[in-house]
Amino acid sequence: MARGLVAVINRLPAWLAMALVLGLTFGTLAAVAARAELGRGVSSADWAAVRFTITQAIASALISVALAVPAARALARRSFRGRRALITLMGAPFLLPVIVAVLGLLAVFGRGGVLNGALAALGFPQISIYGFWGVVLAHVFFNLPLAVRLILQGWQAIPAERFRLTASLNGSVFRLLEVPMLARVVPGALLVVFLICLTSFAVALTLGGGPRATTVELAIYQAIQFDFDLGRAALLACIQFALGLSAAFVAWQVTPSQGMGRGLDRIVQRWDKGSVGFDALALTFATVFLALPLLMVLLRGAPGLFDMPNAVWAAAGRSVIVAVASAVLCVALALALAMRGGVAVSVVGVLPLAASGLVMGTGLFVLVYPFVSPRSVALPVTVLVNAALALPFAVRAIAPAVADAKRDYGRLSASLGLRGWDLLRIVVIPRARRPLGFAAGLAAALSMGDLGVITLFAGDAQETLPLTMYRLMGSYQMEAAAGAGLLLLALSLALFWLCDQGGRRDADT
């Protein structure tokens with residue numbers, strides 16, 4: 001009986017973590033389903049939001065992957081000074097707060113942006129970044145680097161022996177190696193980008209709007225904030241969850257199970273490089289497209305640092321508190337799930353990918369509204385939802401290191417009687433410090449820049465920095481918004497760097 005009690009205690013953290021994740025996903029779904037007024041049906045405006053959501057996600061995925069293939073091919077074929085820095089740049093948009101990226105894109109493509117200024121000087125009509133193509137443009141900015149990294153992994157997975165065999169046969173590398181690899185990798189990349197764009201809220205909030213450019217999540221926000229129609233918001237949340245779950249299931253099914261085979265880890269020698277012109281053009285376009293908005297944020301944000309109201313600093317303090325709390329909770333949940341292991345835990349760990357933050361927020365809003373003011377729980381709810389949204393990435397980073405530690409030291413730990421907290425403190429955490437630090441930094445950066453569930457709950461006294469920045473942009477205080485954007489960017493990167501470096505320090509000792 002004592003052993004059974006110890007086993008239950010050891011499994012309790014994983015059970016609590018699973019219960020929390022299931023509650024935030026299926027529990028909130030049950031809440032919105034119970035509140036949804038199914039008898040009223042789906043209106044024409046709601047169907048228009050569904051069509052726009054799916055259409056912009058398809059267009060964003062297709063364009064992102066189409067532009068990523070030549071860039072990834074150039075990175076795979078070329079060796080040049082700055083290659084590593086360029087690959088690092090490809091990861092920057094993932095940590096970049098959405099509202100900051102939107103501000104940078106407006107500085108380049110907006111009405112008073114660089115591009116429209118050049119078009120006006122040449123006598124051409126200006127372009128508008130708002131609406132369908134503005135949403136797609138922002139999604140391509142965020143997801144082009146991700147698609148490049150995913151497809152580049154496919155090129156790097158081709159063994160050097162395949163290239164040598166193709167050369168000995170005087171065959172075409174493109175036809176014999178690259179096309180089969182792309183057929184295996186590209187569908188998964190398309191679906192991952194599609195799923196991300198399907199659940200994107202902040203981009204549609206800032207660049208969409210209007211009857212023809214409203215996503216399902218934006219319609220949920222409008223139903224709560226403007227109409228206070230909880231029944232319609234709940235119905236739309238059910239539709240959004242169904243869309244996300246369907247896309248996640250299809251992505252799971254098409255994930256490639258077979259690679260290009262094993263090799264001897266020799267250095268790949270490419271003789272098929274051909275002309276450098278096309279590769280240089282692809283890399284130049286990707287670099288300028290990603291770096292120019294970031295540069296504009298720096299240039300326009302620096303003067304705005306001295307023109308920010310005091311509310312910005314208070315919002316920055318709240319954002320840091322929320323980000324740190326979300327990171328701690330996310331890492332604790334990921335560590336508990338990784339210690340338990342198993343297929344069921346892995347499935348629970350990726351469930352938040354199917355449920356968007358706004359759907360969770362709508363469910364929690366429906367649950368708390370009859371009892372307390374939503375504003376009074378704005379920050380705790382934001383911590384919970386942000387931790388859940390970062391959980392899939394944290395689990396993927398932490399679980400392999402935990403599994404290695406348990407495999408290498410499991411028998412020794414059992415012989416010494418190390419269980420529970422002692423096993424975690426003495427064996428697991430010291431050997432998983434690097435991924436733990438990375439996961440904490442990633443969760444903190446993502447939470448710092450999130451503009452999602454907080455929009456449903458917060459009043460003026462609960463504003464986070466992204467929400468304050470959005471409201472400054474809405475009131476046309478663009479200089480103050482630019483300063484707030486630079487501050488938000490600096491805080492997000494600083495939190496990630498501090499956590500990541502903290503995990504790396506003395507990690508091998």
Side-chain angles (χ1 to χ4, degrees), residues 24-57 98-99 132 135 139 195-248 352-370 374-375 377-378 381-382 384-386 388-389 450-459 462 464 466-467 470-471 474:
L24 286 173
T25 51
F26 290 112
T28 54
L29 176 64
V32 298
R35 187 60 187 261
E37 300 176 4
L38 300 178
R40 69 190 294 180
V42 182
S43 68
S44 58
D46 296 337
W47 281 121
V50 173
R51 287 193 299 270
F52 181 84
T53 300
I54 297 175
T55 303
Q56 62 83 21
V98 174
I99 191 68
F132 177 84
V135 172
H139 282 156
L195 179 60
I196 293 173
C197 298
L198 200 68
T199 57
S200 173
F201 168 69
V203 169
L205 178 65
T206 51
L207 297 178
R212 296 183 179 180
T214 299
T215 62
V216 175
E217 291 204 340
L218 184 54
I220 295 171
Y221 167 77
Q222 293 169 346
I224 293 178
Q225 288 293 313
F226 301 149
D227 304 326
F228 202 71
D229 188 346
L230 296 183
R232 179 169 176 261
L235 178 61
L236 289 168
C238 292
I239 294 173
Q240 178 65 39
F241 187 87
L243 290 174
L245 188 63
S246 300
L353 286 177
S356 71
L358 211 65
V359 173
M360 296 183 198
T362 303
L364 292 171
F365 191 97
V366 170
L367 288 172
V368 305
Y369 179 72
R375 293 183 178 183
V377 294
V381 166
T382 303
L384 278 175
V385 174
N386 287 348
L389 293 177
D450 180 69
L451 181 63
V453 66
I454 190 66
T455 60
L456 298 178
F457 286 81
Q462 298 83 28
T464 58
L467 183 57
Y470 169 70
R471 290 176 175 174

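The residues of the chain are indexed from 1 along the displayed sequence. Every heavy atom of this structure was used, including side-chain atoms; hydrogens, water molecules and symmetry mates were not. This one's a predicted model, so the numbers in the text were calculated from it and none came from an experiment.
Side-chain contact between T199 and L243 is absent, with no heavy atoms from C-beta onward closer than 4.5 Å. Between L451 and V98, the closest side-chain pair of non-hydrogen atoms is not below 4.5 Å. Considering only heavy atoms from C-beta on, M360 stays 4.5 Å or farther from L384 through its side chain. For the pair Q225/T455, no side-chain contact is recorded, criterion being any heavy-atom separation below 4.5 Å from C-beta on. Residues L467 and R471 have side chains in contact (heavy-atom distance under 4.5 Å, counting atoms from C-beta outward). When side chains are defined from C-beta on, F365 counts as touching L230, because their heavy atoms get closer than 4.5 Å.
With rounding to the nearest 0.5 Å, the separation of CG in N386 from CD1 in I454 is 8.5 Å. To the nearest 0.5 angstrom, I224 atom CD1 is 4.0 Å from T362 atom OG1. Rounding to the nearest 0.5 angstrom, the gap separating the CG atom in L235 from the CD1 atom in I220 is 9.5 Å. Within the model, atoms OG1 of T464 and CG of D450 stand 7.5 Å from one another, a figure rounded to the nearest 0.5 Å. Within the model, atoms CG of L207 and CG of L218 stand 11.0 Å from one another, a figure rounded to the nearest 0.5 Å.
In this structure, G452 and F201 approach most closely via the heavy-atom pair CA-CD2, 3.8 Å. Residues G357 and V453 approach most closely at O-CB, 4.3 Å, considering heavy atoms. Among all heavy-atom pairs drawn from A219 and T214, the shortest one is N-CG2, 3.7 Å. Between C238 and A33, the closest heavy-atom pair is SG-CA, 3.7 Å. Contact record, V368 with F457: CG2-CE2, 4.0 Å, taken as the closest heavy-atom pair. Scanning all heavy atoms of the two residues, the minimum distance from L367 to P370 falls at O-CD, 3.5 Å.
The side chain to side chain contact (heavy atoms under 4.5 Å, CB included) test with V216 is passed by exactly one of I54, L358, V50: V50.
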For this session: Verify side-chain contact (heavy atoms from CB on, under 4.5 Å) between F132 and T55, making sure each step is shown before the conclusion.
Result: CA-CA 9 Å; F132 177 84; T55 303; 3.7 Å; yes
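Checking side-chain atoms of Q240 against main-chain N and O of T215 turns up no donor-acceptor pair under 3.5 Å.
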